[in-house]
Trainee: 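Structure in structure tokens, see below.
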Protein chains: 2
Amino acid sequence: MTEYLARVRQAGCRLTKARRAIIAYLQAHNEPQTAASVHRGLRGMRTDLASVYRTLELLERLGVVNRESDGKTAAYAFADRHHHHIVCRGCHRKACLPCALRLPSPRGFSAVQHQVVLTGVCASCALSA
Amino acid sequence: MTEYLARVRQAGCRLTKARRAIIAYLQAHNEPQTAASVHRGLRGMRTDLASVYRTLELLERLGVVNRESDGKTAAYAFADRHHHHIVCRGCHRKACLPCALRLPSPRGFSAVQHQVVLTGVCASCALSA
DNA sequence: CGACTATTGCGAACCATTTGCAATTATAGT
DNA sequence: ACTATAATTGCAAATGGTTCGCAATAGTCG
């Protein structure tokens, strides 16, 4: 049982087939996945898209995954694979970046978590502009 | 004519009443505003919500405003008022933070813009936990 | 002022996400 | 193992933010 499944269990939630499959799917993919792509990846089982959403929301609540949103569609990835992405405003392709955030610890706040959304114009889009 | 209006003009776009009003509304409010709240703020005129969206999209394309999204609803604020927020996971109150992001310039990308979503636990929520 | 074209308002479409509910299934206790 | 019970699911329909097509309107330039 992976640590992720254990966290679900510790929260008093059940380890259903759908939850196992969704976690396994996320583990098998490095890039953040949308609910739709997770659902597509599980098309062998008859798992409803709504259940995918419910599971992802649960995992986010437990702090297992992070939800990243570009404003349209949300994408989810394991929190312990923490890094950032930059999205090209031209072609929408993504690149990964190590986390280089050095924030002065915000006064009075503890357990701070962050999410960074970067956009830019990639080299090939800059040329064709 | 404010600098913002000038930027619109320089881009070869017309200075319509709706655009003036939307820019004025954003200037009058420090916190990022949603399309819906801008629209509500303009209820004196008969400006359509779709036009609000179109204008905000234009301003974003021109780099005049930033679009910030918490995953559900997008909010817009002038790019030159750039700063960040931290939200308490307990009481959901917000605090403002200066921007202290110092990213190594991502290889090959230009015109990089960023958005940071921070959450934490504020002092009073930490006590009551 | 008049012509030309960008922009608007309106309505409807779109799409991601959420919700209500009856049927199913994981789990704890026996 | 078996059962009781409550959590979870699938389905279908609703929701809500955002976008689009198009005819009417209104900036802007000469």
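For the numbers below, each heavy atom of this structure counts, side chains included, while hydrogens, waters and symmetry mates do not. Order of the sequence lines fixes the chain letters, A, B, ..., with proteins taken first and strands second; residue numbering starts at 1 for each chain.
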Trainee: May I ask you to evaluate whether A:R9 reaches the phosphate of C:dA26, defined as a side-chain N or O under 4.0 Å from OP1 or OP2?
Mentor: no

Trainee: Where the side chain of B:T73 is concerned, which of D:dT18, D:dT9, C:dT27 is the nearest nucleotide?
Mentor: D:dT18

Trainee: Using whole Å, report how far CG of B:L56 lies from C1' of D:dG17.
Mentor: 13 Å

Trainee: Roughly how many Å is it from NZ in A:K17 to P in C:dT25, rounded to a whole number?
Mentor: 8 Å

Trainee: Closest to the B:R67 side chain: D:dT19, D:dT9, C:dT27?
Mentor: D:dT19

Trainee: Go through D:dT18, C:dT17, D:dT28 for me and flag the one nearest to the B:R14 side chain.
Mentor: D:dT28

Trainee: Checking side-chain contact (heavy atoms from CB on, under 4.5 Å) against B:Y76, which of B:R67, B:E57, B:E68 comes through?
Mentor: B:R67

Trainee: What does the inter-axis angle of the helix from C:dC1-D:dG30 to C:dT30-D:dA1 come out as, five pairs per end, nearest 10 degrees?
Mentor: 50°

Trainee: Taking all heavy atoms of A:Q33 and all of A:Y25, pick out the closest pair and write down the distance.
Mentor: OE1-OH, 3.2 Å

Trainee: What integer distance in Å separates B:L49:CG from D:dC20:P?
Mentor: 14 Å

Trainee: With no hydrogens and no angle check, is any side-chain donor or acceptor of B:H39 less than 3.5 Å from a backbone partner on B:T47?
Mentor: yes

Trainee: Side chain of B:R54, heavy atoms from C-beta onward: which of C:dT8, D:dC11, C:dT7 has the nearest atom to it?
Mentor: C:dT8

Trainee: Taking B:R43 for the side chain and B:R40 for the main chain, is one N or O donor matched with an acceptor at less than 3.5 Å?
Mentor: yes

Trainee: Does B:Y53 make a side-chain N or O approach to OP1 or OP2 of D:dT19 shorter than 4.0 Å?
Mentor: no

Trainee: Could you pull out the closest heavy-atom pair between B:I22 and B:S51, with the gap in Å?
Mentor: CD1-O, 4.4 Å

Trainee: Answer with base, sugar-phosphate or nothing: what part of the nucleic acid does B:A36 contact at a heavy-atom distance below 4.0 Å?
Mentor: nothing

Trainee: Nearest to the side chain of B:S51 - C:dT7, C:dT8, D:dT19?
Mentor: C:dT8

Trainee: From C-beta outward on B:D48, which listed nucleotide comes closest to its side chain: C:dC10, C:dT8, D:dT9?
Mentor: C:dC10

Trainee: Within this structure, what is the CG-to-C1' distance between B:L5 and D:dG27, rounded to whole angstrom?
Mentor: 14 Å

Trainee: Ignoring hydrogens and geometry, is there a side-chain-to-backbone donor-acceptor pair from B:R19 to B:R14 under 3.5 Å?
Mentor: yes

Trainee: Provide, to the nearest angstrom, the distance between the CZ atom belonging to B:R19 and the C1' atom belonging to C:dT8.
Mentor: 10 Å

Trainee: In this structure, how many angstroms lie between the P atom of D:dT18 and the CG atom of B:L58, rounded?
Mentor: 17 Å

Trainee: Quick one: which of D:dT9, D:dT18, C:dT17 gets closest to the side chain of A:T55?
Mentor: D:dT9

Trainee: Rounded to the nearest Å, what distance is computed from the CE atom of residue B:M45 to the P atom of nucleotide D:dT25?
Mentor: 16 Å

Trainee: What nucleic acid atoms does A:T34 come within less than 4.0 Å of, heavy atoms only: base, sugar-phosphate, or nothing?
Mentor: nothing

Trainee: Quick one, A:L56 and A:L26 - any side-chain contact, counting heavy atoms below 4.5 Å?
Mentor: yes

Trainee: Which value, rounded to the nearest 0.5 Å, describes the distance between B:N30 atom CG and B:F78 atom CZ?
Mentor: 10.5 Å

Trainee: In whole Å, I'd like the distance from the CZ atom of A:R46 to the P atom of C:dT25.
Mentor: 8 Å

